[in-house]
Amino acid sequence: MRSSKAFYFFFFGAASCLLPFLTLHYQRLGLNGREIGMLSGIVPLITLVSASAWGAVADATRKHHLILLIALVGTWTAVLGMSQATTFWALIPLVSIYAFFVAPTIPLVDNSVMAQLDERKSEYGRVRVWGSYGWGIVAAMIGVVIERSGLRWAFGGYLMLMAVLILMSIRLPVKSVSLGETFGNGLRQLMSNKQFVLFMAVALIEGMSLSIFLNYLFLHLEAMGSSNVIMGLSLTVATISEIPIFLYSKQLLDRWGAKALLALSMAATVVRAVALVGMTEPWQVLPISLLHGPTFAAMWSAGVAYADQAAPRGLGATAQGLFSGLVMGLGVALGAFVGGFLYEGYGAVMAFKFSGGAALLALLIFAWANRKSVKRPFRSAPTD
């Protein structure tokens, strides 16, 4: 598992160099809020489609390792092009290519790790958490580097770490496992489960809210006169807050259940939005970032668990794919587009108000719909 832990560390460490700073890069190129929102929204929309296509090709050819390497090289090349592009129209195809190639990376590695763990699948979180370590550690360092040497190092740091990852991945063990080929059949069965549909809809709203936080927080901080160091440290604090949630997600689910954990996450999202709206000094983002764990990590843990519970026998991958696609695909895209519109017309504070209001409304509907339900201990779905 050491090689897989290292993969997560470098992949998410590289991501922390670039993704939080992309909107600042776009703004400094002279792009407006709608253009920034469009570029930010392209990635999850293309990822939602291309991940399934790559998975089908991998399963059909049994060339999972080769496809992983192609995806990594394609991602690296696209980001190199993005670093040189200076106009919105030049960025559109490059961002699209980046989204197309980056899509299969984590699904391929996740499935390989689960296959290697075999009967110890519950230990997945202890492997995946190395991605959080990578994000937090590298984010703190890249903030200092960008503060001293300029925003171009967001791309430089990403490209260097991804180059290391590509070389390391040549010998990474990637098992040929199915990524789930019964999406159509599984979707029809799952959509008849009203509780599952409601759960996924609420998770979708939280994905949108978190997308607004991610895409427009740094623009708000820059307008307040924040340094890049504070921005980088906010990512580190956020990551630190999610680590214990991931490590102890099993205990949380045993105690509260998936529905209650999602409700807690939505409540934390509302509090996080209110805190961002009321922020008066850049340094205040650091304690606010501690809410990232109770929002994102709790929601992700609850969603994975509930999808596993609700899935018909043998359709766990379909349920997980639907959850991931709704939150990280459609939810993130909606947050980017809606946030871009609100940011352009009314500013970041209005975008944060909208995210908090949407989360509160979703929480109230979710609580009302489950008012008669009694929390049941979490149980894993049957496995084949």
Worksheet item: Can you get from L360 to F352 by hopping between Ile, Leu, Val, Met, Phe, Trp and Tyr side chains that sit under 4.5 Å apart?
Response: no

Practice prompt. Using the rule that two of Ile, Leu, Val, Met, Phe, Trp, Tyr join whenever any of their side-chain heavy atoms come within less than 4.5 Å, decide whether L210 and F354 are in one cluster.
Written response: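 As far as the 4.5 Å side-chain criterion goes, F354 and L210 are connected within one cluster.
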
Side-chain donor-acceptor pairs under 3.5 Å in residues 326-349, sequence neighbours left out?
{"from": "Y343", "atom 1": "OH", "to": "Q27", "atom 2": "NE2", "distance (Å)": "3.1"}
{"from": "E344", "atom 1": "OE1", "to": "G33", "atom 2": "N", "distance (Å)": "2.6"}

Practice prompt. Answer with yes or no whether the side chains of S265 and E206 bring together a donor and an acceptor at under 3.5 Å.
Written response: yes

Discussion item. Running the 4.5 Å side-chain criterion over Ile, Leu, Val, Met, Phe, Trp and Tyr, what cluster does V271 land in, apart from itself?
Written reply: L291

Discussion item. Quick test of your reading: applying ring pair (Phe, Tyr, Trp, His ring centres under 6.0 Å), list the pairs with at least one residue in residues 267-295, sequence neighbours left out, ordered by first then second residue.
Written reply: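 For residues 267-295, and leaving out neighbouring residues, the ring pair (Phe, Tyr, Trp, His ring centres under 6.0 Å) pairs sorted by first residue read H292-F296.
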
Response to the item:
Those residues at least two apart in sequence (or on a different chain) that pass salt bridge (Lys or Arg N to Asp or Glu O under 4.0 Å) with E222 are R28

Taking side-chain hydrogen bond (donor to acceptor under 3.5 Å, both in side chains) as the test, write out the residues that go with [X], two or more places apart.
X    : answer
T23  : none
R2   : none
Q284 : T280

Item to complete: Please list, chain by chain and in numerical order, all residues satisfying side-chain contact (heavy atoms from CB on, under 4.5 Å) with Q84, sequence neighbours excluded.
Response: none

Practice prompt. Go through the structure and list residues passing side-chain contact (heavy atoms from CB on, under 4.5 Å) with A85, not counting sequence neighbours.
Written response: A90, L91, L94

How about [X] and [Y]: do any of their side-chain heavy atoms sit closer than 4.5 Å?
X    : Y    : value
L22  : M82  : yes
F213 : T269 : yes
L165 : M162 : yes

Identify every side-chain donor-acceptor pair in residues 230-238 under 3.5 Å, counting partners at least two apart or on other chains, and give the distances.
{"from": "S234", "atom 1": "OG", "to": "M231", "atom 2": "O", "distance (Å)": "2.5"}
{"from": "T236", "atom 1": "OG1", "to": "G136", "atom 2": "O", "distance (Å)": "2.8"}
{"from": "T236", "atom 1": "OG1", "to": "A140", "atom 2": "N", "distance (Å)": "3.2"}
{"from": "T236", "atom 1": "OG1", "to": "G232", "atom 2": "O", "distance (Å)": "3.4"}

Fill in: ring-ring contact (aromatic ring centres under 6.0 Å, His included) against Y158, all qualifying residues, sequence neighbours excluded
none

Response to the item:
Y26 meets the ring-ring contact (aromatic ring centres under 6.0 Å, His included) criterion, sequence neighbours left out, with none

Worksheet item: Is it the case that more than 12 heavy atoms not belonging to K5 sit under 6.0 Å from its NZ atom?
Response: yes

